[in-house]
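For the numbers below, each heavy atom of this structure counts, side chains included, while hydrogens, waters and symmetry mates do not. Worth saying up front: this structure is predicted, and the values here are computed from it rather than measured. First the proteins, then the strands, lettered A, B, ... as listed; each starts at 1.
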Amino acid sequence: MVDVLSDTNTGITPAEVVDVELYHPKSWWTTYIFSQDAKVIAIQYALTAMAIGMVALVLSWLMRLQLGFPGTFSFIDPSQYLQFITMHGMIMVIYLLTALFLGGFGNYLIPLMVGARDMVFPYVNMLSYWIYLLAVVVLVATFFVPGGPTGAGWTLYPPQAILSGTPGGNEWGIILMLASLILFIIGFTMGGLNYVVTVLQARTRGMTLMRMPLTVWGIFTATVMALLAFPALFVAAVMMLLDRALGTSFFMPTLQEMGQLMKYGGGSPLLFQHLFWFFGHPEVYIVALPAFGIVSDLISTHARKNIFGYRMMVWAIVAIGALSFVVWAHHMYVSGMHPQFGFFFATTTLIIAIPTAIKVYNWVLTLWRGDIHLTVPMLFALAFIVTFVNGGLTGLFLGNVVVDVPLSDTMFVVAHFHMVMGVAPIMVVFGAIYHWYPKITGRMLNDGLGKFHFWVTFLGAYAVFFPMHYVGLQGMPRRYHDIGETSFIPASAHDLNAFISVAALIVGAAQLVFVFNLAWSLFKGKEAGGNPWGATTLEWQTPQTPPAHGNWGKELPIVYRWAYDYSVPGAPRDFVPQNEPPGGFAVQGARA
Amino acid sequence: MSAIVLFLAVVAVIAGWWLSQQRLASKPWLETGVIDDARGASSLPPAKIGLGVFLAVVGSLFALFVSAYTMRMELVDWRSLPVPKLLWFNTAVLIVSSGALQWARAAVGRDDGEGVLIGLLAGGASALVFLIGQLLAWQQLDAAGYLPAANPANAFFYLITATHALHVVGGLVALGRTTVKAWRGAEPAQLRLGVELCTMYWHFLLLVWLVLLALLTGWADDFVAICRQLLT
Ligand code: HEM
Ligand SMILES: [Cu+2]
């Protein structure tokens with residue numbers, strides 16, 4: 001198909017753009033279920049991720065019940081506790097956040113924001129979702145197999161992960177977990193190829209890289225990282241699966257179990273740690289970079305101000321992406337590594353703090369003297385900044401070998417990573433949903449419910465994770481079902497634990513309000529119009545809302561400016577859409 | 001982990017070179033109007049870029065295997081297994097396969113439909129022979145008592161060769177589709193993209209195989225040792 005780009009206002013000669021062959025669905029099934037339209041795939045990804053995320057949320061409740069009121073809930077035994085933390089961690093990091101940011105927001109926003117009709121390989125894109133769904137189904141199945149899910153911790157360290165002392169270790173749990181991860185990676189790779197090539201090849205006329213919204217930069221860079229980092233998890237998972245199923249010894253040293261010499265011999269558990277963290281650290285940024293990008297756009301739009309230091313922001317995203325591949329061993333300080341290695345990795349870790357800090361400064365400077373509208377997306381964006389700074393500061397503690405060693409495996413670490421990669425990205429997820437829901441459905445989410453959801457979630461998350469730092473400093477270990485009578489942990493810490501648990505229950509319950517809001521607003525929400533926030537980026541300038549199949553009607557938009565022309569002096573409105581020619585008006589999508 | 005770090009460094013150089021062409025130092029807030037490096041996209045078809053990105057992923061997969069292999073090799077109890085002679089024959093066959101596809105590609109350029117078909121068929125057939133050869137090599141090892149579970153070196157050998165073979169199988173599916181099209185008499189021009197993609201993939205797998213072979217036969221030991229010294 002060839003699209004003719006023409007422009008009557010400025011007399012620019014029409015350019016012929018070879019467009020992707022658009023696939024046209026023929027039936028209800030291929031329109032809504034086996035759809036190849038990135039927007040439908042995005043919604044499928046998002047709904048699946050949120051559904052499985054609810055499972056992880058319920059698991060966190062159960063864990064908190066046990067930690068807050070040890071001994072009260074007899075149905076949670078120690079091995080179940082381990083299963084809960086494992087599944088909770090794994091689901092949250094991979095099946096919720098990674099899938100939602102890349103598969104959900106990536107699919108929805110990339111084609112729209114760069115002015116494409118769809119992803120470049122729609123069929124592969126569809127497969128990507130179905131394989132992801134299969135991975136989720138296999139994951140859920142582990143709850144129902146004999147022995148239950150694996151309890152090896154989300155890091156799945158061997159040798160314990162496949163020993164009989166670990167829940168699911170010599171049963172189905174670990175096998176299905178690894179199989180599910182392998183499927184997830186295959187599915188993700190299919191999607192990831194699409195996101196990358198679409199950004200590279202399907203940008204519309206005028207959309208240079210430096211005119212892309214930061215959301216696209218964040219998702220793009222994160223996808224490149226994920227494509228290169230996930231193979232490490234893949235290799236680790238395959239090798240562990242072989243160890244478990246065929247009795248090879250990639251990771252399994254010679255060892256005795258219950259007094260019996262096992263069949264294994266000669267494997268290296270440390271090898272697994274290297275592979276796992278070679279994936280695991282970039283993973284943190286795979287989740288963080290899309291959040292960085294999205295939050296930049298939320299702040300700029302809702303403060304009606306151009307993003308401060310756009311170039312710097314782009315460079316920082318790229319620099320963080322590159323650097324995060326050379327810091328993995330900071331998760332292994334206690335593995336007995338050579339001190340010089342420790343020093344090297346501590347240094348690279350601290351260097352990453354520089355581009356990250358630049359980003360934080362730029363967000364703050366964007367807000368400075370902005371016309372801040374405290375809409376729900378803006379509230380969540382602000383909460384993200386605060387939380388991220390908070391988690392980043394404790395990260396500086398843990399990045400230093402000497403400080404990390406005593407804190408390793410305490411609740412301090414749990415509090416740290418929940419702040420940076422739990423609460424902070426989730427805040428962005430919520431902000432982004434409140435921001436783009438009107439484009440996706442044509443209706444606004446209810447504002448009152450949204451504000452309620454925000455305040456309970458934000459304050460609640462702090463009530464949960466702030467005290468957890470303190471409990472960790474007291475020496476409370478992580479992954480313990482019950483610390484019992486421990487002399488160095490004062491009685492007050494137990495009260496604090498009970499408080500944390502109550503807060504966690506409340507935060508969790510508040511998410512039901514959010515889910516209700518999503519469903520209710522779909523039918524009863526206020527009509528949104530095409531561009532309710534007065535935003536500049538292309539997805540708000542589509543001829544229809546929700547955007548139709550093919551996104552742009554007959555002609556692709558032409559881009560004349562960067563994505564952040566807010567409050568331009570002399571402009572008739574306080575925003576200038578990217579497709580508005582110099583001196584003219586873009587007719588479509590005027591502010592409702 | 002030196003192999004993967006090295007590999008990613010190469011990827012980073014390529015990405016950096018590409019980024020350096022993208023006017024990353026421009027000041028987009030000052031520039032309104034149509035910029036006519038316009039789409040910024042290269043004129044290559046998306047499928048080619050897609051394959052290129054995919055090969056980077058596959059490359060990092062194999063680089064990780066190599067990393068894991070060399071890390072395990074360092075330990076004192078490493079006993080590498082004797083490499084069957086058959087692998088040399090297989091290597092030759094894989095080279096022939098790559099050559100045949102290169103020839104098919106040249107035939108596309110000459111607009112020689114028959115040549116394309118012959119090249120594709122020869123390429124596919126020799127790739128099949130390669131796979132059968134690999135299976136036979138496994139059988140020989142198995143018969144000689146080198147079972148996968150007996151020793152880490154054996155396990156690595158089977159795993160790495162199997163992963164490579166699976167990638168060849170995947171390639172054969174794509175090659176099969178192109179061949180069927182050629183068989184049904186499609187014009188060479190219509191086949192161009194398919195043939196080019198297959199050729200690119202084949203050459204890549206050949207390269208990967210040569211690296212793996214050097215590693216498995218111990219040829220690369222000196223090189224690995226040098227790398228290790230550089231790093232420590
Ligand atoms: C309501 C929100 C949440 C609560 C109350 C919560 C609570 C917990 C608790 C109690 C643990 C186990 C601590 C231990 O004994 O080791 C845990 C572990 C973990 N959580 Fe969360 N969490 C929440 C949200 C999240 C989110 C959004 C993420 C996403 C990154 C996340 C990722 C993890 C990870 C990776 C672990 C470690 C699992 C392991 O040790 O293997 N959590 N969480
Ligand atoms: Cu890390």
Applying a strict 4.5 Å limit to non-hydrogen atoms, the region of Val576(A) in contact with chain B is neither
Comparing Pro148(B), Ala56(B), Ala25(B), Ser67(B) against chain A, the one with the most heavy-atom pairs below 4.5 Å turns out to be Ala25(B)
Students often mix this up, so state it plainly: with edges at 30° and 60°, are the rings of Phe156(B) and Phe250(A) parallel, tilted or perpendicular?
perpendicular
Turns out that what part of Tyr564(A) lies under 4.5 Å from chain B's heavy atoms comes down to neither
| message | Test your reading of the model: is there a side-chain donor-acceptor pair from Arg23(B) to the backbone of Thr208(A), 3.5 Å cut-off? | response | no
Output for pair (Leu275(A) CG, Met71(B) CE), nearest 0.5 Å, gives 7.0 Å
Here the pair of heavy atoms bringing Gly247(A) nearest to Ala149(B) is O-CB, 3.4 Å
The reported gap from CD in Gln22(B) to CG in Leu209(A) (rounded to nearest 0.5 angstrom) is 4.5 Å
Answer key: most heavy-atom pairs under 4.5 Å with chain A among Asn151(B), Leu64(B), Leu19(B) is Leu64(B)
key: Non-hydrogen side-chain atoms of Leu8(B) and Phe278(A) separated by less than 4.5 Å   = yes
Taking every heavy atom of Ala68(B) against every heavy atom of Met239(A), the minimum-distance pair comes out as CB-CE, 4.0 Å
Looking only at heavy atoms, the pair that brings Val197(A) and Gly50(B) closest together is CG2-CA, 3.5 Å
Rounded to the nearest 0.5 Å, the OG1 atom of Thr32(B) sits from the CG atom of Asp565(A) at a distance of 8.0 Å
Please determine whether the number of non-hydrogen atoms from other residues, nucleotides or ligands lying under 6.0 Å from atom CZ of Phe308(A) exceeds 12.
no
Take Trp18(B) and Leu200(A) through the side chain to side chain contact (heavy atoms under 4.5 Å, CB included) test and state the conclusion after the steps. CA-CA 11 Å; Trp18(B) 174 77; Leu200(A) 292 181; 3.4 Å; yes
Applying a strict 4.5 Å limit to non-hydrogen atoms, the region of Ala15(B) in contact with chain A is neither
Rounded to the nearest 0.5 angstrom, the CH2-CE distance for Trp277(A) and Met1(B) is 13.0 Å
Answer key: most heavy-atom pairs under 4.5 Å with chain A among Ser26(B), Gly52(B), Ala150(B), Ala12(B) is Ser26(B)
To the nearest 0.5 Å, atom CG of Leu61(B) lies from atom CZ of Phe230(A) at 14.0 Å
Honestly, the part of Ala232(A) sitting under 4.5 Å from a heavy atom of chain B is both
Okay, Val11(B) and chain A: the region with an atom under 4.5 Å from a heavy atom over there is side chain
Turns out that what part of Leu242(A) lies under 4.5 Å from chain B's heavy atoms comes down to side chain
Whatever's closer than 4.5 Å to a heavy atom in chain B on Val559(A) counts as backbone
So, the part of Val53(B) with a heavy atom under 4.5 Å from chain A: the answer is both
For Leu24(B) and Met210(A), the nearest pair of non-hydrogen atoms, with its separation, is O-CE, 3.1 Å
(Q) Donor-acceptor pair, distance only, cut-off 3.5 Å: does the side chain of Gln201(A) make one with the backbone of Leu44(B)? (A) yes
query: Is Trp183(B) atom CH2 crowded by more than 12 heavy atoms from other residues, nucleotides or ligands, each under 6.0 Å away?
result: no
So CG of Leu228(A) and CD1 of Ile4(B): to nearest 0.5 Å the spacing works out to 7.5 Å
Expected contact set for residues 309-320 of chain A against chain B at heavy-atom separation under 4.5 Å reads Tyr310(A), Arg311(A), Trp315(A), Val318(A)
